Amino acid sequence: MAHGELFGLALVEASGGRLKRGTVYVTLGRMQEKGYLDSRQEPLPPGATGLPRRLYQPTAFARRVLAAWHTAERVLLGHAAPSEV
Amino acid sequence: MRVPDHALVQWAARTFGDEVATRVISPLVADWAKDLETAASPSAHRTAWLRGAVAFARCTVSVGLRAARPQRADLPPLTRGVAVACGSLALGVGVLVTPYLPWWLDRGAAFLPVLRHVVLIAVALALPFSLLPAALLLGSRAAGPATWRARAALTGAAVTTAAVWRSGRGGPCRRSVMTSGTRSDGRCRARRLPTTRRRSASPRSATRSMERPGLSSNGVAEPRRRTSGRRRCCSWVGVSVAAGGEHRWPCWRAGGSCRSPSPSPISRLRHLSPHSMRWDGCRRPSSQRPPSGAPSDLRPGHAPSRPE
(Lines give C-alpha, C1' and ligand atoms only; values in the text may rest on other atoms or scores of the structure.)
Protein backbone atom coordinates (compact mmCIF):
# COMPACT_ATOMS: atom_id res chain seq x y z
CA MET A 1 0.00 0.00 0.00
CA ALA A 2 3.00 2.29 0.51
CA HIS A 3 3.22 2.89 -3.20
CA GLY A 4 -0.38 3.27 -4.27
CA GLU A 5 -4.05 2.68 -3.73
CA LEU A 6 -5.43 -0.75 -2.97
CA PHE A 7 -8.77 -2.37 -2.26
CA GLY A 8 -9.34 -4.24 0.96
CA LEU A 9 -9.52 -7.56 -0.83
CA ALA A 10 -6.30 -6.81 -2.73
CA LEU A 11 -4.60 -6.12 0.60
CA VAL A 12 -5.71 -9.53 1.87
CA GLU A 13 -4.36 -11.24 -1.21
CA ALA A 14 -1.09 -9.28 -1.10
CA SER A 15 -0.49 -10.10 2.56
CA GLY A 16 -0.15 -13.79 1.88
CA GLY A 17 -2.60 -14.84 4.59
CA ARG A 18 -1.46 -12.50 7.34
CA LEU A 19 -4.53 -10.32 6.91
CA LYS A 20 -7.96 -11.91 7.23
CA ARG A 21 -10.86 -10.89 5.10
CA GLY A 22 -13.26 -10.66 8.03
CA THR A 23 -11.12 -8.28 10.08
CA VAL A 24 -9.18 -6.23 7.57
CA TYR A 25 -12.02 -3.80 7.00
CA VAL A 26 -12.34 -3.13 10.71
CA THR A 27 -8.62 -2.48 10.89
CA LEU A 28 -8.73 -0.21 7.86
CA GLY A 29 -11.64 1.71 9.36
CA ARG A 30 -9.77 2.23 12.61
CA MET A 31 -6.61 3.34 10.79
CA GLN A 32 -8.69 5.77 8.81
CA GLU A 33 -10.23 7.03 12.03
CA LYS A 34 -6.75 7.64 13.47
CA GLY A 35 -5.61 9.49 10.37
CA TYR A 36 -3.24 6.91 8.95
CA LEU A 37 -5.26 6.24 5.82
CA ASP A 38 -7.19 8.11 3.23
CA SER A 39 -9.90 6.46 1.22
CA ARG A 40 -12.02 7.24 -1.72
CA GLN A 41 -14.75 5.41 -3.53
CA GLU A 42 -14.09 3.93 -6.91
CA PRO A 43 -16.17 5.68 -9.55
CA LEU A 44 -18.89 3.42 -10.82
CA PRO A 45 -19.31 2.89 -14.54
CA PRO A 46 -22.53 4.27 -15.97
CA GLY A 47 -25.44 1.92 -15.48
CA ALA A 48 -23.88 -0.02 -12.61
CA THR A 49 -26.12 -0.66 -9.63
CA GLY A 50 -23.75 -2.22 -7.13
CA LEU A 51 -21.86 -0.60 -4.32
CA PRO A 52 -18.67 1.27 -5.21
CA ARG A 53 -15.44 -0.25 -3.94
CA ARG A 54 -13.22 1.72 -1.62
CA LEU A 55 -9.58 2.45 -2.34
CA TYR A 56 -7.14 3.05 0.50
CA GLN A 57 -3.82 4.86 0.53
CA PRO A 58 -1.59 6.00 3.40
CA THR A 59 -1.47 9.63 4.44
CA ALA A 60 1.67 11.69 4.83
CA PHE A 61 1.33 11.37 8.58
CA ALA A 62 1.31 7.59 8.26
CA ARG A 63 4.43 7.70 6.10
CA ARG A 64 6.23 9.77 8.74
CA VAL A 65 5.09 7.41 11.50
CA LEU A 66 6.29 4.45 9.46
CA ALA A 67 9.67 6.09 8.86
CA ALA A 68 10.01 6.84 12.58
CA TRP A 69 9.09 3.28 13.39
CA HIS A 70 11.75 1.95 11.07
CA THR A 71 14.32 4.32 12.57
CA ALA A 72 13.46 3.27 16.11
CA GLU A 73 13.60 -0.35 15.14
CA ARG A 74 16.99 0.09 13.56
CA VAL A 75 18.32 1.98 16.58
CA LEU A 76 16.96 -0.49 19.10
CA LEU A 77 18.23 -3.45 17.16
CA GLY A 78 21.58 -1.74 16.80
CA HIS A 79 21.82 -1.38 20.59
CA ALA A 80 20.47 -4.86 21.20
CA ALA A 81 22.74 -6.58 18.74
CA PRO A 82 26.02 -6.30 20.70
CA SER A 83 24.45 -7.69 23.87
CA GLU A 84 23.18 -10.70 22.00
CA VAL A 85 26.59 -11.45 20.61
CA MET B 1 -26.55 -15.61 -6.68
CA ARG B 2 -26.15 -11.91 -6.09
CA VAL B 3 -25.16 -10.26 -2.87
CA PRO B 4 -27.95 -8.17 -1.30
CA ASP B 5 -25.48 -5.33 -0.93
CA HIS B 6 -27.81 -2.42 -0.34
CA ALA B 7 -29.93 -4.40 2.12
CA LEU B 8 -26.86 -5.45 4.11
CA VAL B 9 -25.52 -1.90 4.27
CA GLN B 10 -28.90 -0.55 5.35
CA TRP B 11 -29.13 -3.20 8.04
CA ALA B 12 -25.64 -2.31 9.27
CA ALA B 13 -26.53 1.38 9.29
CA ARG B 14 -29.59 0.64 11.41
CA THR B 15 -27.69 -1.60 13.78
CA PHE B 16 -24.25 -0.04 14.12
CA GLY B 17 -24.68 3.46 12.77
CA ASP B 18 -23.94 5.22 9.50
CA GLU B 19 -20.24 5.64 10.11
CA VAL B 20 -19.57 1.94 10.64
CA ALA B 21 -21.75 1.05 7.70
CA THR B 22 -19.88 3.44 5.42
CA ARG B 23 -16.37 2.70 6.61
CA VAL B 24 -16.46 -1.02 7.30
CA ILE B 25 -19.49 -2.84 5.97
CA SER B 26 -19.86 -1.07 2.65
CA PRO B 27 -16.28 -1.80 1.41
CA LEU B 28 -16.58 -5.41 2.52
CA VAL B 29 -19.84 -5.94 0.68
CA ALA B 30 -18.56 -4.13 -2.41
CA ASP B 31 -15.44 -6.30 -2.54
CA TRP B 32 -17.61 -9.35 -1.97
CA ALA B 33 -19.85 -8.45 -4.90
CA LYS B 34 -16.83 -7.72 -7.12
CA ASP B 35 -15.29 -11.05 -6.16
CA LEU B 36 -18.50 -12.78 -7.22
CA GLU B 37 -18.54 -10.97 -10.54
CA THR B 38 -15.01 -12.02 -11.36
CA ALA B 39 -15.58 -15.69 -10.48
CA ALA B 40 -15.03 -17.73 -13.61
CA SER B 41 -16.72 -21.04 -12.83
CA PRO B 42 -19.78 -21.98 -10.79
CA SER B 43 -17.61 -23.65 -8.18
CA ALA B 44 -15.48 -20.52 -7.89
CA HIS B 45 -18.69 -18.53 -7.62
CA ARG B 46 -19.91 -20.71 -4.77
CA THR B 47 -16.54 -20.48 -3.02
CA ALA B 48 -16.48 -16.71 -3.35
CA TRP B 49 -20.01 -16.45 -2.03
CA LEU B 50 -19.18 -18.63 0.96
CA ARG B 51 -15.94 -16.81 1.75
CA GLY B 52 -17.71 -13.48 1.54
CA ALA B 53 -20.49 -14.66 3.83
CA VAL B 54 -17.99 -15.91 6.42
CA ALA B 55 -16.07 -12.65 6.21
CA PHE B 56 -19.28 -10.67 6.64
CA ALA B 57 -20.24 -12.71 9.70
CA ARG B 58 -16.82 -12.28 11.28
CA CYS B 59 -16.81 -8.58 10.55
CA THR B 60 -20.29 -8.18 12.02
CA VAL B 61 -19.27 -9.92 15.22
CA SER B 62 -16.14 -7.83 15.49
CA VAL B 63 -17.97 -4.58 14.90
CA GLY B 64 -20.78 -5.59 17.26
CA LEU B 65 -18.40 -6.40 20.08
CA ARG B 66 -16.62 -3.11 19.60
CA ALA B 67 -19.89 -1.18 19.47
CA ALA B 68 -21.18 -2.90 22.58
CA ARG B 69 -18.11 -2.03 24.61
CA PRO B 70 -18.88 0.74 27.09
CA GLN B 71 -17.32 4.02 26.14
CA ARG B 72 -16.24 6.74 28.43
CA ALA B 73 -18.83 9.24 27.27
CA ASP B 74 -21.69 6.85 27.92
CA LEU B 75 -20.60 5.46 31.26
CA PRO B 76 -21.58 8.15 33.79
CA PRO B 77 -25.39 8.21 33.35
CA LEU B 78 -25.64 4.44 33.04
CA THR B 79 -23.32 3.50 35.86
CA ARG B 80 -24.66 6.17 38.15
CA GLY B 81 -28.25 5.04 37.71
CA VAL B 82 -27.45 1.37 38.10
CA ALA B 83 -25.13 1.89 41.06
CA VAL B 84 -27.53 4.14 42.97
CA ALA B 85 -30.49 1.85 42.40
CA CYS B 86 -28.54 -1.31 43.21
CA GLY B 87 -27.00 0.18 46.32
CA SER B 88 -30.31 1.49 47.65
CA LEU B 89 -32.15 -1.75 47.09
CA ALA B 90 -29.34 -3.87 48.52
CA LEU B 91 -29.23 -1.64 51.58
CA GLY B 92 -32.98 -2.02 52.02
CA VAL B 93 -32.81 -5.79 51.76
CA GLY B 94 -29.89 -5.85 54.15
CA VAL B 95 -31.79 -3.79 56.70
CA LEU B 96 -34.76 -6.13 56.43
CA VAL B 97 -32.56 -9.17 56.98
CA THR B 98 -30.58 -7.69 59.88
CA PRO B 99 -33.03 -8.76 62.65
CA TYR B 100 -32.38 -12.39 61.74
CA LEU B 101 -28.62 -12.16 62.26
CA PRO B 102 -28.66 -12.86 66.03
CA TRP B 103 -30.93 -15.83 65.42
CA TRP B 104 -28.45 -17.33 63.01
CA LEU B 105 -25.48 -16.56 65.21
CA ASP B 106 -27.15 -18.20 68.19
CA ARG B 107 -27.38 -21.40 66.24
CA GLY B 108 -23.71 -21.66 65.59
CA ALA B 109 -23.42 -19.91 62.26
CA ALA B 110 -20.22 -17.95 61.78
CA PHE B 111 -20.63 -14.24 61.31
CA LEU B 112 -18.62 -13.78 58.15
CA PRO B 113 -20.31 -16.56 56.13
CA VAL B 114 -23.71 -15.26 57.16
CA LEU B 115 -22.70 -11.74 56.22
CA ARG B 116 -21.37 -12.98 52.91
CA HIS B 117 -24.64 -14.76 52.20
CA VAL B 118 -26.68 -11.71 53.15
CA VAL B 119 -24.65 -9.42 50.91
CA LEU B 120 -24.77 -11.90 48.06
CA ILE B 121 -28.51 -12.37 48.29
CA ALA B 122 -29.16 -8.65 48.72
CA VAL B 123 -27.17 -7.77 45.62
CA ALA B 124 -28.70 -10.64 43.66
CA LEU B 125 -32.16 -9.40 44.56
CA ALA B 126 -31.37 -5.76 43.90
CA LEU B 127 -29.47 -6.06 40.64
CA PRO B 128 -32.40 -6.97 38.33
CA PHE B 129 -34.44 -4.10 39.69
CA SER B 130 -31.54 -1.71 39.39
CA LEU B 131 -31.32 -2.42 35.68
CA LEU B 132 -34.68 -0.70 35.29
CA PRO B 133 -33.20 2.83 35.35
CA ALA B 134 -30.67 1.75 32.73
CA ALA B 135 -33.46 0.39 30.56
CA LEU B 136 -35.43 3.61 30.95
CA LEU B 137 -32.34 5.60 30.07
CA LEU B 138 -31.75 3.51 26.98
CA GLY B 139 -35.40 3.83 25.98
CA SER B 140 -35.38 7.57 26.42
CA ARG B 141 -32.52 7.88 23.93
CA ALA B 142 -34.22 6.25 21.02
CA ALA B 143 -32.69 8.82 18.68
CA GLY B 144 -29.25 8.35 20.14
CA PRO B 145 -26.35 6.38 18.75
CA ALA B 146 -26.99 2.88 17.54
CA THR B 147 -24.33 1.58 19.91
CA TRP B 148 -26.87 1.94 22.71
CA ARG B 149 -29.13 -0.62 21.11
CA ALA B 150 -26.27 -3.01 20.42
CA ARG B 151 -25.08 -2.63 23.97
CA ALA B 152 -28.53 -3.22 25.39
CA ALA B 153 -28.99 -6.34 23.26
CA LEU B 154 -25.61 -7.73 24.31
CA THR B 155 -26.26 -7.00 27.97
CA GLY B 156 -29.66 -8.64 27.81
CA ALA B 157 -28.20 -11.71 26.14
CA ALA B 158 -25.46 -11.95 28.75
CA VAL B 159 -27.90 -11.62 31.66
CA THR B 160 -30.24 -14.19 30.16
CA THR B 161 -27.40 -16.63 29.55
CA ALA B 162 -26.12 -16.21 33.07
CA ALA B 163 -29.59 -16.73 34.52
CA VAL B 164 -30.20 -19.86 32.47
CA TRP B 165 -26.79 -21.23 33.37
CA ARG B 166 -27.32 -20.53 37.05
CA SER B 167 -30.77 -22.04 37.18
CA GLY B 168 -29.61 -25.13 35.33
CA ARG B 169 -27.12 -25.99 38.04
CA GLY B 170 -29.76 -26.90 40.59
CA GLY B 171 -31.12 -30.41 40.84
CA PRO B 172 -34.77 -31.35 41.10
CA CYS B 173 -34.50 -30.84 44.81
CA ARG B 174 -33.92 -27.15 44.27
CA ARG B 175 -37.17 -26.76 42.48
CA SER B 176 -39.18 -27.51 45.54
CA VAL B 177 -40.46 -24.73 47.68
CA MET B 178 -37.81 -24.90 50.34
CA THR B 179 -34.86 -27.20 50.27
CA SER B 180 -33.95 -27.31 53.88
CA GLY B 181 -33.96 -31.07 53.65
CA THR B 182 -30.40 -31.00 52.45
CA ARG B 183 -27.70 -31.07 55.01
CA SER B 184 -25.15 -28.37 55.41
CA ASP B 185 -22.57 -30.56 53.73
CA GLY B 186 -24.72 -30.72 50.63
CA ARG B 187 -25.89 -34.32 50.96
CA CYS B 188 -29.54 -35.13 51.06
CA ARG B 189 -31.21 -36.68 53.98
CA ALA B 190 -31.72 -40.36 53.59
CA ARG B 191 -35.23 -40.35 54.79
CA ARG B 192 -38.30 -41.66 53.17
CA LEU B 193 -41.52 -40.76 54.77
CA PRO B 194 -44.73 -42.72 54.53
CA THR B 195 -46.93 -41.46 51.82
CA THR B 196 -50.33 -42.36 50.62
CA ARG B 197 -49.61 -41.09 47.16
CA ARG B 198 -50.26 -43.61 44.48
CA ARG B 199 -48.76 -43.47 41.07
CA SER B 200 -49.95 -45.06 37.97
CA ALA B 201 -47.85 -47.98 36.99
CA SER B 202 -47.34 -49.89 33.83
CA PRO B 203 -48.72 -53.43 33.50
CA ARG B 204 -45.15 -54.69 33.53
CA SER B 205 -44.43 -53.18 36.89
CA ALA B 206 -47.75 -54.44 38.21
CA THR B 207 -46.76 -57.94 37.17
CA ARG B 208 -43.41 -57.50 38.83
CA SER B 209 -45.09 -56.32 42.00
CA MET B 210 -46.98 -59.59 42.33
CA GLU B 211 -43.68 -61.41 42.40
CA ARG B 212 -42.20 -59.23 45.07
CA PRO B 213 -43.79 -59.03 48.47
CA GLY B 214 -44.17 -55.57 49.89
CA LEU B 215 -45.20 -53.91 46.68
CA SER B 216 -48.70 -52.77 46.08
CA SER B 217 -50.76 -53.83 43.15
CA ASN B 218 -49.74 -50.86 41.05
CA GLY B 219 -46.06 -51.50 41.53
CA VAL B 220 -45.39 -48.76 44.06
CA ALA B 221 -43.71 -49.49 47.33
CA GLU B 222 -45.93 -49.80 50.31
CA PRO B 223 -45.98 -46.78 52.53
CA ARG B 224 -44.20 -48.47 55.36
CA ARG B 225 -41.50 -49.94 53.23
CA ARG B 226 -38.09 -48.30 53.16
CA THR B 227 -36.17 -48.24 49.99
CA SER B 228 -32.49 -47.93 49.43
CA GLY B 229 -32.77 -44.27 48.63
CA ARG B 230 -29.83 -43.00 50.61
CA ARG B 231 -29.78 -39.91 48.46
CA ARG B 232 -33.47 -39.28 48.65
CA CYS B 233 -34.44 -35.69 49.13
CA CYS B 234 -37.23 -34.54 51.25
CA SER B 235 -38.28 -30.98 51.32
CA TRP B 236 -39.43 -29.71 54.61
CA VAL B 237 -41.54 -26.67 54.72
CA GLY B 238 -41.60 -25.05 58.06
CA VAL B 239 -44.77 -23.11 58.48
CA SER B 240 -44.75 -21.08 61.59
CA VAL B 241 -48.30 -21.31 62.76
CA ALA B 242 -48.89 -19.91 66.15
CA ALA B 243 -51.46 -22.19 67.66
CA GLY B 244 -51.86 -22.76 71.34
CA GLY B 245 -48.77 -20.80 72.12
CA GLU B 246 -46.43 -23.04 70.22
CA HIS B 247 -45.26 -23.39 66.66
CA ARG B 248 -46.41 -26.25 64.58
CA TRP B 249 -44.18 -27.63 61.92
CA PRO B 250 -45.97 -29.53 59.24
CA CYS B 251 -43.69 -31.05 56.76
CA TRP B 252 -44.04 -33.41 53.93
CA ARG B 253 -42.01 -35.18 51.38
CA ALA B 254 -41.63 -33.62 47.97
CA GLY B 255 -39.87 -36.39 46.15
CA GLY B 256 -37.02 -36.16 43.71
CA SER B 257 -33.36 -36.74 44.03
CA CYS B 258 -30.58 -34.34 44.75
CA ARG B 259 -27.63 -34.69 42.44
CA SER B 260 -25.64 -31.57 43.00
CA PRO B 261 -23.09 -31.92 45.81
CA SER B 262 -23.03 -28.26 46.70
CA PRO B 263 -26.18 -26.28 47.37
CA SER B 264 -26.58 -22.89 45.83
CA PRO B 265 -26.13 -19.78 47.99
CA ILE B 266 -29.85 -19.16 48.06
CA SER B 267 -30.64 -22.66 49.29
CA ARG B 268 -27.84 -22.35 51.83
CA LEU B 269 -29.40 -19.19 53.12
CA ARG B 270 -32.71 -20.96 53.36
CA HIS B 271 -31.06 -23.43 55.65
CA LEU B 272 -30.39 -20.58 57.98
CA SER B 273 -33.84 -19.11 57.83
CA PRO B 274 -35.95 -19.21 60.98
CA HIS B 275 -38.64 -21.26 59.26
CA SER B 276 -36.41 -24.09 58.23
CA MET B 277 -35.46 -26.95 60.50
CA ARG B 278 -31.86 -27.43 59.77
CA TRP B 279 -30.80 -27.91 63.36
CA ASP B 280 -32.97 -30.90 64.07
CA GLY B 281 -34.24 -32.02 60.71
CA CYS B 282 -37.92 -31.68 61.39
CA ARG B 283 -37.55 -33.37 64.73
CA ARG B 284 -38.32 -31.17 67.59
CA PRO B 285 -37.05 -31.95 71.03
CA SER B 286 -39.27 -34.37 72.86
CA SER B 287 -39.97 -31.80 75.56
CA GLN B 288 -41.70 -29.61 72.98
CA ARG B 289 -43.81 -32.26 71.39
CA PRO B 290 -47.55 -31.84 71.71
CA PRO B 291 -49.83 -34.41 73.22
CA SER B 292 -50.30 -37.54 71.23
CA GLY B 293 -53.83 -36.57 70.30
CA ALA B 294 -52.68 -33.89 67.93
CA PRO B 295 -53.25 -34.47 64.23
CA SER B 296 -50.34 -36.26 62.70
CA ASP B 297 -49.92 -33.82 59.83
CA LEU B 298 -49.52 -30.90 62.17
CA ARG B 299 -47.57 -32.64 64.83
CA PRO B 300 -44.41 -30.72 65.59
CA GLY B 301 -41.55 -32.18 63.69
CA HIS B 302 -43.70 -34.68 61.89
CA ALA B 303 -41.12 -37.38 61.69
CA PRO B 304 -42.88 -40.68 61.95
CA SER B 305 -41.19 -43.68 63.31
CA ARG B 306 -39.26 -45.58 60.77
CA PRO B 307 -40.31 -49.15 60.37
CA GLU B 308 -37.26 -51.29 60.21
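For the numbers below, each heavy atom of this structure counts, side chains included, while hydrogens, waters and symmetry mates do not. Just so we're clear, the structure is a prediction, and the values are computed from it rather than from any experiment.
The side-chain heavy atoms of B/C59 and A/V26, taken from C-beta on, include a pair separated by under 4.5 Å.
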Evaluate side-chain contact (heavy atoms from CB on, under 4.5 Å) for A/R54 paired with B/T22, printing each intermediate quantity in order.
-> CA-CA 10 Å; A/R54 188 169 283 272; B/T22 306; 3.7 Å; yes

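Contacts of B/T60 with chain A are absent, with no heavy-atom separation under 4.5 Å from either backbone or side chain. In this structure, chain A has a heavy atom under 4.5 Å from the side chain of B/S62, while its backbone stays farther away. Heavy atoms closer than 4.5 Å to chain A are found nowhere in B/V61, neither backbone nor side chain. There is no contact between A/E42 and chain B, counting heavy-atom distances below 4.5 Å.
Under the side-chain contact (heavy atoms from CB on, under 4.5 Å) rule, A/Y25 has a single partner from B/I25, B/D31, B/V29, which is B/D31.
Distance CZ/A/R30 to CZ/B/R23: 12.0 Å, rounded to 0.5 Å. The distance from atom CG of A/L9 to atom NZ of B/K34, rounded to the nearest 0.5 Å, is 11.5 Å.
Contact record, A/P52 with B/A30: O-CB, 3.4 Å, taken as the closest heavy-atom pair.
A salt bridge is defined here as a Lys NZ or Arg NE, NH1 or NH2 lying under 4.0 Å from an Asp or Glu carboxylate O, and B/D35 with A/R21 meets this definition.
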